[in-house]
There are 2 protein chains.
Amino acid sequence: MARTVKGGSDARRERWKGHREARRAEFVDATIRAVAKHGPDVGMDEIAAEAGVSKPVLYRHFADKSDLYLAVGRRGTDMLMDRLGPAIEKDGPIRDRIRGIVDAYLCVIEENPNLYRFVVRGSFTDRPVEQDVVHEDKALIAANLARILGDYLRAFDMDSGGAEPWAHALVGMVQNAGDWWLDRQSMSRQSLSEYLATIIWHAIDGLLRSANITVDPDVPLPGSVFKTEPTLRLINSSEEA
Amino acid sequence: MARTVKGGSDARRERWKGHREARRAEFVDATIRAVAKHGPDVGMDEIAAEAGVSKPVLYRHFADKSDLYLAVGRRGTDMLMDRLGPAIEKDGPIRDRIRGIVDAYLCVIEENPNLYRFVVRGSFTDRPVEQDVVHEDKALIAANLARILGDYLRAFDMDSGGAEPWAHALVGMVQNAGDWWLDRQSMSRQSLSEYLATIIWHAIDGLLRSANITVDPDVPLPGSVFKTEPTLRLINSSEEA
DNA sequence: ATTAAGTGTTACTTGAGGTAACGGTTACTT
DNA sequence: AAGTAACCGTTACCTCAAGTAACACTTAAT
C-alpha cells in the first residue's frame, strides 16, 4: 500500500490551517471578555468557560497561559499599529503630524482601557523580555521613529547619533503620560495631545535651532524626509516554524 | 491579679520594634541575593534557603510573597530617592541641573541593574496598582516635578495647566530611555544624560520662547523657584496601623 | 475502510504559595 | 520564682490553579 510519506503534503493536514487561526482568534476574544468580566487575574477555567469549552481545548491551541496572553497582546499590537501606521505616514505640517501620531495612540488606549491595562500590567516574569508584547511594540515603534529622526537629522547634515535615544525617550514619554491620563482622566484627550505635541515639537525645534536651522511647524516639510517604509508591521520571528 | 490590660504598653511588646525592622531588611537582602542567583522567578523556598531559615520564618515577617517583593521595591525606592533628592535640590545652571537629575537616575539603574529589572518587571497583577512600587515612585517623582514646573511656569506668569502632563511625560521619557540603554549599552551614560538633558532643555526653552521669555541655560536661575520641599520621602500610607 | 486531523469531556498530576502545630529561648511582669 | 508575651525555629501538611492523560466522537481526504 502506498502509505502517505512522512513529509508529504496530505490535504488532511492543510485543511485546518485557516480554521486554527480562526479558533485562536475566537479564544483571544473570549479571553478579553473574561478579563473584562473577572479582572486581570482570571483563571484558565474561567476563560475556557467564557469561550464555552473546557480547559484542555484551550491547551490544544495555546501552549500555556502565557502563550494565550501573548496572543491577546498581539491583538492589541494590531489595533495599535492599524492606527499608528497611517498617522505616521500621513503628510502635512510637522506640528500637526506629531499631534496626530500622539492622538492616535491616545485614541487606542482610550477606546480599550481594559485591554490596554491588562496587556501592559500582565507581563510575565517567566518569559524572556523579548517575548513581552509591550516591549516588542515599544521597540518597534521606537525603531521606526529612530529611522525617521535619523533621516531627518541627516537631511540637515546634523549628528544623527541621538536618534535612537530620542526615539525611545519619545515613546516612553507618550506612553507614561498616556498611562497617567488613562488613570485619572483630568483633562481632555485633545488637551493632552496638544501638550505632548508641544513638548515634542519644542524639543525638535530646539535641536534644529541649535544647528541654526529654523522650520515652520505649520508648513509641510519639503520632500519625503518623513516618509516611512510602507510596512509598519510587527516582524514576528516566532510566527514561522 | 492585675492582668496586663489589653491596650497597655507592655515593655515586652516594644522590645522588638527595631529588631523586626532589622530582620525584614535582612530578608530583603537575602531576596536580592536569591534573585541574583536564581533569576527573577525565585521561589520562597529558595529565598528562605538563601536567608538560612525555613519558609514559615519568612512568613512571620511578610504577609505573602508580594509583600516581600514590595519591601524589595521600597529598598530600590530608597536607593533611588537618596540620589535623586540631592540632585533635584542642588543649585546651579538649569541645564546642568537637568543633566544632573537624569544622570543620578541613570547611575542608580546602572549600579543595580538586576535589582532594577527585577523590581520593574516583577509587578504583581494581584495587587492594586497603588501598591506597585514602580508606579508609586513614578507618581512621587512626577508629583515633585509637576510642582517644580508649576512654580516655574507661574513665576513667568504662564499657564501652568500643562505641568502635570509634562511631569509624567518627562518621567516616562527618562525611564524608557534608561531601560533601553540598560538593555543594550550602546553609548556611555554621559552621552545619554547629555542627549536627554538636551531634549528636556529644548522643550523647556521652547515653551518659554513661545511666551517670549529667554533663559540662559548656563546661568543659575534667580531666586528659589526651583527649590523643592526639603523632604522628598515616600509618603507611605500603608506604613501605619 | 482507514486515518489524520479536529471536536470535546472528566479526572488526574504537579508545583509553588502558604499554613498548622509543635517545641524552644529570652527577658519583662507580677 | 512563676507566668507570659514576644520572638526563634522546625517538619509536615493544605490549597489552588496550571497543565496533562486518557478516553470517546466527528469529519473529510486517502
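Everything numeric in this text was worked out from a predicted model, so none of it was measured. Computed over heavy atoms, backbone and side chain alike; hydrogens, waters and symmetry mates excluded. Below, chains carry the letters A, B, ... as their sequence lines are ordered, and counting in each starts from 1.
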Atom-pair distance ([atom1] on [X]; [atom2] on [N]), nearest Å:
| X | N | atom1 | atom2 | answer |
| --- | --- | --- | --- | --- |
| D41(B) | dG15(C) | CG | P | 15 Å |
| F62(A) | dT20(D) | CZ | P | 15 Å |
| L58(A) | dA21(D) | CG | P | 17 Å |
| I47(A) | dA17(D) | CD1 | P | 13 Å |
| K55(A) | dA11(C) | NZ | C1' | 11 Å |
| Y59(B) | dA21(C) | OH | C1' | 18 Å |
| M44(B) | dG18(C) | CE | P | 6 Å |

Which nucleotide, [options], lies nearest any side-chain atom of [X]?
| X | options | result |
| --- | --- | --- |
| V53(A) | dT10(D), dG17(C), dT9(C) | dT9(C) |
| R60(B) | dT19(C), dC8(D), dT20(D) | dC8(D) |
| R20(B) | dG6(C), dT9(C), dC7(D) | dC7(D) |
| S54(B) | dA21(D), dT10(D), dG18(C) | dT10(D) |
| D64(B) | dG18(C), dC8(D), dT7(C) | dG18(C) |
| P56(B) | dA21(D), dT11(D), dA18(D) | dT11(D) |

- Message: Can you tell me the base-pairing partner of dT30(C)? Count Watson-Crick or G-U wobble geometry only, both distances below 3.5 Å, and say none if there is no partner.
- Response: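 Check on dT30(C): paired to dA1(D), both distances under 3.5 Å.
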- Message: So, under a plain 3.5 Å distance rule, would you say the side chain of R23(A) forms a donor-acceptor pair with the base of dG6(C)?
- Response: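 No, the side chain and the base share no sub-3.5 Å donor-acceptor pair.
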- Task: Tell whether K65(B) reaches the base of dG18(C) with its side chain through a donor-acceptor pair below 3.5 angstrom.
- Result: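 No such pair is found, so the answer is no.
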- Message: Whether H61(B) contacts dC8(D) is assessed here as follows: a side-chain N or O lying under 4.0 Å from the phosphate OP1 or OP2. Is that the case?
- Response: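 Looking at the OP1 and OP2 atoms of dC8(D), one of them is under 4.0 Å from a side-chain N or O of H61(B).
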- Distance test, side-chain N/O of H19(B) to OP1/OP2 of dA6(D), below 4.0 Å: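 No, outside the criterion.
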Does any N or O in the side chain of [X] come within less than 3.5 Å of the main-chain N or O of [Y], such that one atom is a donor and the other an acceptor?
| X | Y | value |
| --- | --- | --- |
| R97(B) | I88(B) | yes |
| S191(A) | M187(A) | no |
| D64(B) | D67(B) | yes |

- Query: Can the ring centres of F118(A) and Y69(A) be said to be less than 6.0 Å apart?
  - Reply: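 Aromatic pair counts; centres sit under 6.0 Å.
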- Any side-chain donor-acceptor pair under 3.5 Å between R117(A) and N114(A)?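 Not at all, the side chains of R117(A) and N114(A) share no donor-acceptor pair under 3.5 Å.
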